[in-house]
Amino acid sequence: MYDSGQEPVRDNENRLSRRRVLGSGALLGAATAVGTTVGVGSGHGDPAGPEVLGAGGVDITLRVNGRDRALRVEPRVTLLDALRERLDLTGTKKGCDQGACGACTVLVDGERVNACLTLAIMVRDKEITTIEGLARGDRLSPVQEAFLDRDAFQCGYCTPGQIVSATALIAEGHTRSAEEIREWMSGNICRCAAYPNIVAAIEDVAR
Amino acid sequence: MKPFAYTRAHTVWDAVAAVSAEPGARYLAGGTEMVNLVREGQESPDRLVDIGDLPLTEVRVHGRGVRIGALAKRVHEHPEVRRRLPVLAEAGLSAASPQVRNVATPGGNLLQRTRCHYFRDVRFPCNRREPGTGCAALRGVNRNNAIFGGSEHCVAVHPSDIAVALTALDAVVHTHGPAGERVIPVEELYRLPGDEPNRETVLDHGELIVAIDVPPTPFAARSHYLKLRDRASFAFALVSVAVALDVRAGVTHDVRIALGGVAPRPWRARAAEDALRGRRFDDDARAAAGEAATTGAKPLPHNEFKVELVRRAVVRALSEVEGR
């Protein structure tokens with residue numbers, strides 16, 4: 001198992017969940033904090049010099065689902081781990097953790113990306129949308145509704161990634177045929193093989 | 001994942017200075033390759049220098065061809081690329097998944113590492129990853145490995161699609177490095193493994209690809225990328241073919257054929273080009289080119305099929321481009 005590079009979880013909401021209890025033991029060992037280096041200006045490039053951070057914890061703000069969320073992460077922490085382990089946004093799933101399955105798909109500035117291939121520190125100035133950000137209160141998004149109507153899942157593990165990816169695909173306009181939908185959903189694997197129903201759900205929304 | 005420091009550079013100079021100053025520093029662009037390599041242990045940088053803010057994102061058409069910034073996103077969607085360089089647009093679109101293509105960069109694509117299972121799985125010996133440990137692929141499952149250009153030390157395949165297309169377009173990369181600037185043909189960017197498979201490219205430490213230049217050629221506009229893989233999408237090539245063709249009055253005036261998925265670098269099939277040049281562009285010539293494209297192939301125990309696949313793929317790519 002890979003070391004996820006987490007510092008101990010801090011419970012901002014003063015709430016102890018089952019996954020916190022289960023997860024915290026494994027995470028304690030990985031904690032390191034060597035502080036933040038300060039950037040040094042250079043006479044040749046940017047007058048302000050490059051920004052230099054880490055390798056210890058760095059205070060950053062991520063804008064997720066319309067809210068600014070402050071957290072301290074090491075540069076090695078992926079956006080996926082930051083969302084799941086630090087911000088309690090566990091709707092985004094960790095499948096392969098190497099960009100091959102799409103379970104971790106989120107939107108960054110409206111474009112779908114693999115959160116497992118993105119470092120949290122890389123997207124400080126971006127707008128991040130996760131599966132939790134698609135519904136409006138209790139009202140599901142059209143894609144979420146269509147996945148329910150079409151029974152577009154079995155185990156459901158890949159579903160958040162499928163729905164976020166499908167939401168972007170529809171915005172991109174890649175819905176001219178079932179074939180085009182399949183091609184442009186190729187970054188999302190479903191091992192239950194609910195593909196026909198996923199394509200049908202996307203067609204419903206696109207129509 | 002091993003801890004590392006992070007630098008975000010805002011100018012090329014700052015980026016080159018930051019990486020050059022530290023042997024353990026590496027560039028970070030889209031992250032789709034580097035984040036995996038660090039997580040899995042093929043790379044263990046002390047510092048990643050994020051170049052995502054550098055002003056290298058433009059695709060520009062000028063008198064001397066098309067200049068593609070090293071950080072240009074989704075180059076395959078650019079209308080001028082689609083019109084002038086179809087082989088590059090097709091290769092770019094065939095690569096990876098929509099999620100990866102949204103952040104991946106041309107420079108990073110060219111410098112991605114091999115997908116050889118034994119390089120990727122750090123539990124196996126690999127001369128490319130750890131010099132002197134041996135090549136597990138030679139005696140392992142080598143179905144995906146090279147039939148051209150390998151050595152007794154390494155039979156890895158370079159996985160880039162656009163590198164194959166760019167090779168067929170006579171493209172060059174522009175670099176900035178600690179020793180200044182230089183221009184390198186894409187084909188010559190990669191070293192064959194020989195007895196030093198760990199030295200993958202001719203780039204020095206700290207040398208950064210800043211742009212790709214595609215010159216105007218009479219064959220670029222009539223070009224095509226054919227990619228054959230184990231599934232219909234989101235997979236690396238078993239064999240791919242980039243063809244670019246200049247046929248005048250039925251006779252092949254000039255042609256480029258480059259192969260992917262078969263060698264440690266984009267593999268220019270010069271014997272196949274010679275079989276076409278100056279001859280009528282017909283079925284016989286295409287069959288001869290397919291045959292010639294396999295010249296010098298040295299298949300491994302599990303990839304003999306690639307030889308026949310190359311032959312057929314070249315014929316098919318040439319037939320498909322004819323109608324364009």
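If you're wondering where the values come from, they're calculated on a predicted model, not measured in any experiment. First the proteins, then the strands, lettered A, B, ... as listed; each starts at 1.
Of all the heavy atoms in B:V35 and A:C116, the pair that sits closest is CG1-O, 3.6 Å. For the residue pair B:F234 and A:G99, the shortest heavy atom distance occurs at CZ-O, 3.4 Å. Listed here is the closest heavy atom pair of A:R124 and B:Y6: NH2-CE2, 3.6 Å. Minimum interatomic distance between A:G49 and B:H10 (heavy atoms only, all atoms of both residues): O-CD2, 4.2 Å. The shortest non-hydrogen separation linking A:R76 to B:K2 is CD-O, 3.7 Å. Heavy-atom minimum distance, A:L117 versus B:R39: CD2-NH2, 3.7 Å.
Both the backbone and the side chain of B:N102 come within contact range of chain A, with heavy atoms under 4.5 Å apart. Interface remark: B:R120 contributes no atoms to any contact with chain A (heavy atom separation under 4.5 Å). Looking at B:V100, the atoms closer than 4.5 Å to chain A (heavy atoms on both sides) sit in the backbone and in the side chain alike. Looking at A:L169, neither its backbone nor its side chain comes within 4.5 Å of chain B, counting heavy atoms on both sides. Contact annotation for A:D125: only side-chain heavy atoms (C-beta onward) come within less than 4.5 Å of a heavy atom of chain B.
Open room surrounds NE2 on B:H117; 12 or fewer heavy atoms of other groups in view lie less than 6.0 Å from it. Within 6.0 Å of atom CZ in B:R231, more than 12 heavy atoms from other residues, nucleotides or ligands are found, so the atom counts as buried in its surroundings.
Of residues 194-207 of chain A, not one residue has a non-hydrogen atom less than 4.5 Å from any non-hydrogen atom of chain B. At a heavy-atom separation below 4.5 angstrom, chain B is approached by A:S165 within residues 143-166 of chain A. For a heavy-atom cut-off of 4.5 Å, chain B lies close to A:A100, A:G102, A:T105 in residues 100-108 of chain A. The stretch residues 177-185 of chain A places A:E183, A:W184 near chain B, each with some heavy atom under 4.5 Å from a heavy atom of that chain.
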> Between B:R8 and A:I121, does a side chain to side chain contact (heavy atoms under 4.5 Å, CB included) hold up when you go through it step by step?
Replying inline: CA-CA 10 Å; B:R8 191 163 185 141; A:I121 202 168; over 6 Å; no

> Is there a side chain to side chain contact (heavy atoms under 4.5 Å, CB included) between A:M122 and B:D50 once you walk through the steps?
Replying inline: CA-CA 8 Å; A:M122 294 168 74; B:D50 189 342; 3.7 Å; yes

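Between the OG1 atom of B:T32 and the CD atom of A:Q98 there is a distance of 12.5 Å, given to the nearest 0.5 Å. Taking CG of A:D81 as the reference point, atom CE of B:M1 lies at 7.5 Å (rounded to 0.5 Å).
With chain A as partner, the option from B:S233, B:G31, B:S97 having the largest number of non-hydrogen pairs under 4.5 angstrom is B:S233.
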